[in-house]
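Only heavy atoms go into these numbers, but all of them, side chains included; no hydrogens, no water, no symmetry mates. Small disclaimer: the values here were computed from a predicted structure and weren't measured. Indexing begins at 1, ligand by ligand and atom by atom, following the structure's order.
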Amino acid sequence: MCGIIGTLGHADVAQDLLEGLKRLEYRGYDSAGIATLYNGSIERRRAEGKLINLGKVIEKEPLQGDIGIGHTRWATHGVPSERNAHPHATDRVAVVHNGIIENFRELRRELESSGRIFGTDTDTEVIVQLIHHNLSQGLKPVDATSAALERLEGAFALAILFAEEQELMIGARRGSPLCIGWGQKEMSLGSDALALAGLSNRISYLEDGDWAVITRDGATVRNTHGELVERAIRTTALSEKQMSKGNYPHFMAKEIHEQPTVIGQTLNTFFNPLDRSISLPELPFNLLEIERITLIACGTSFYAAMIAKYWFEQIARISVDIDIASEFRYRGTPMAKGGLALFISQSGETADTLAALRFCRKQGQHIAGIVNVSESTIDREADIVFNTHAGPEIGVASTKAFTCQLVTLACIVIATARVRGAISREQEQELSSAITEVPARAAEILNHDDSLRQLSNVLAGARDVLFIGRGASYPIALEGALKLKEISYIHAEGFAAGELKHGPIALIDQSVPVIVIAPSDALFEKTASNVSEVVARGAQVIFLSDSKGIAALGDQAKESIELPTVHSFVAPILYALPVQILAYHTAVLKGTDIDQPRNLAKSVTVE
Ligand code: M6R
């Protein structure tokens with residue numbers, strides 16, 4: 001959840017590190033820090049809060065040097081404060097860390113009893129003290145680090161700097177991602193390729209257990225057994241431009257508005273316009289032989305899985321289990337060999353999703369991923385990956401990645417249904433045509449931005465907001481509630497409309513806006529009855545539907561937004577947009593930090 005960067009560059013490395021940290025701030029933003037080597041000594045600047053505070057500190061007290069490491073933190077152990085901010089350092093070694101050292105208490109006791117004095121509440125400091133201890137036993141930096149790594153339990157990506165070692169940096173990864181950027185007499189380390197976008201486009205990704213000794217001339221990498229290994233250098237297409245807000249006030253707004261384009265890009269990888277068919281890449285398993293599919297993810301990606309369950313079961317006629325990765329990974333679910341386990345993740349680094357993937361591999365499942373970040377861990381560990389083409393998603397609230405995940409899942413469903421004979425050629429064409437309409441219909445929905453912005457006045461004043469829907473609209477209700485709570489901090493819940501009478505309806509009074517997700521589909525009449533029930537109890541209903549739905553029910557609603565009439569198959573993809581826009585404008589009215597909401601980080605790489 002933290003972002004780390006390290007550079008052996010040219011003079012004024014602190015500015016490069018600050019720029020890199022800006023690109024990493026989405027990973028955590030409760031404090032930040034940079035350490036450089038100047039005349040052989042470790043110099044540090046740290047600040048609590050956003051990166052901008054660190055920038056001000058460095059402006060007042062510039063940091064010199066041509067080698068350095070930097071960190072942006074999402075606190076796990078120790079409150080967010082300057083004292084607990086990374087880099088942690090002694091006069092001989094400085095470390096930035098992403099992950100959690102699980103045996104830090106035991107190591108700390110041991111090091112304290114041998115005389116080391118700790119200055120922070122973090123788990124990370126044991127790494128610094130351990131390496132320092134090894135150095136004072138006479139070990140050279142590389143051996144001192146190697147011996148320390150052997151003692152660490154838990155997850156980490158590290159960048160390590162040593163006093164008097166102007167030409168040396170060490171990087172190590174176990175559990176948390178780390179990559180090396182290759183340049184001309186300039187080398188760098190970063191949590192991901194985004195961090196290095198301004199420094200290098202030639203990237204090699206460390207494998208789990210790798211550690212690398214980096215000098216200005218290159219890097220040597222060893223694996224977990226200490227053997228020298230080669231890690232391929234790839235050229236990335238990421239540019240700094242892709243990571244700017246353009247003319248939008250927030251990344252979230254930009255990402256919402258990119259959806260027609262990126263959905264189209266994602267769709268193009270599957271859709272053949274000549275015969276209106278969907279084709280998947282060559283699969284390392286036979287779809288006909290799959291008896292059960294398990295879909296696993298977290299947060300918004302899990303809601304994509306929920307929608308896919310409706311599609312797989314109704315259209316492809318195959319049983320699907322879905323689960324939240326953090327629950328699944330510890331349940332020890334028995335799985336019949338030869339099933340398909342499909343993991344959905346924007347970042348491809350979510351710790352629980354990754355752990356669930358490794359569990360399923362041990363259970364003899366075929367492993368597939370739907371991943372937005374290429375070369376992420378899930379991307380590399382899955383047997384087959386369906387990449388979404390949403391581009392870098394920087395706002396913490398997931399928007400364009402979600403709709404691209406849905407488009408990808410929809411294509412997989414159609415292809416599965418065809419192979420298994422669950423749909424005819426005509427039905428395939430009907431469903432494929434429906435998906436090809438999505439980019440244009442998404443663009444139409446973006447034209448409702450103004451009316452959704454006005455509606456957000458109703459939400460901004462509310463203490464609680466409910467979202468309801470049935471069938472594949474139910475996960476959209478959950479997603480709408482998640483979006484609203486994560487960026488506006490308003491309490492919101494999503495319910496299956498049919499469940500209201502089993503308890504949640506007790507929450508309803510005149511002060512509670514109820515947002516109804518109700519395309520006119522096969523379940524519309526059922527949802528309509530639920531709307532009448534909440535209206536009878538005084539709820540302020542905000543109705544999201546199409547012209548037919550609004551004609552049937554609009555008079556019961558306080559407000560309605562008319563969305564395009566679309567095939568019910570693709571309605572959940574499109575109905576995601578108005579709930580994103582509503583959450584966005586509500587958060588603008590509340591004045592919250594939309595792209596970096598409190599307590600959250602973009603990729604959850606710790607449990
Ligand atoms: O990178 P992933 O898709 O694996 O992330 C999963 C969740 O952490 C993520 O969707 C989270 O819920 C978002 N903040 C939701 O907007």
Enumerate the atoms of ligand 1 whose separation from the nearest heavy atom of [X] is less than 4.0 angstrom.
X      : value
Ser347 : 1 (O), 2 (P), 4 (O)
Lys483 : 15 (C), 16 (O)
Ser345 : 1 (O), 2 (P), 3 (O), 4 (O)
Ala397 : 16 (O)
Ser301 : 2 (P), 3 (O), 10 (O)
Ser398 : 15 (C), 16 (O)
Val396 : 13 (C), 14 (N), 16 (O)

| Name the one of Glu393, His257, Glu479 that satisfies side-chain contact (heavy atoms from CB on, under 4.5 Å) with Thr399? |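 So the option named by the test is Glu393.
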Quick one: does [X]'s side chain have a donor or acceptor within less than 3.5 Å of a partner on [Y]'s backbone?
X      : Y      : result
Arg361 : Glu381 : yes
Lys254 : Ser244 : yes
Asp383 : Ala368 : no

| query | So which heavy atom in the protein is nearest atom 7 (C) of ligand 1, and how far is it from that ligand atom? | reply | Cys298 O, 3.7 Å
| For atom 9 (C) of ligand 1, closest protein heavy-atom neighbour |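 Ranking protein heavy atoms by distance from atom 9 (C) of ligand 1, first comes Thr300 N, 4.1 Å.
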[X] and [Y] ion-paired at < 4.0 Å:
X      : Y      : value
Asp210 : Arg173 : no
Arg331 : Asp323 : yes
Asp593 : Arg598 : no

| Any idea which part of Lys602 is under 4.0 Å from ligand 1, heavy-atom wise: side chain, backbone, both or neither? |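 Neither; nothing of Lys602 gets under 4.0 Å from ligand 1.
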| Backbone or side chain, does any N or O of Thr353 fall under 3.5 Å from an N or O of ligand 1? |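 So ligand 1 has no N or O lying under 3.5 Å from an N or O of Thr353.
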| task | List the steps and the verdict of side-chain hydrogen bond (donor to acceptor under 3.5 Å, both in side chains) for Ser456 and His585. | result | CA-CA 6 Å; Ser456 62; His585 286 304; 5.4 Å; no
| task | Could you pull out, from Leu482, Val373, Thr350, the option with a heavy atom nearest to atom 4 (O) of ligand 1? | result |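 Comparing heavy atoms across Leu482, Val373, Thr350, the nearest one to atom 4 (O) of ligand 1 lies in Thr350.
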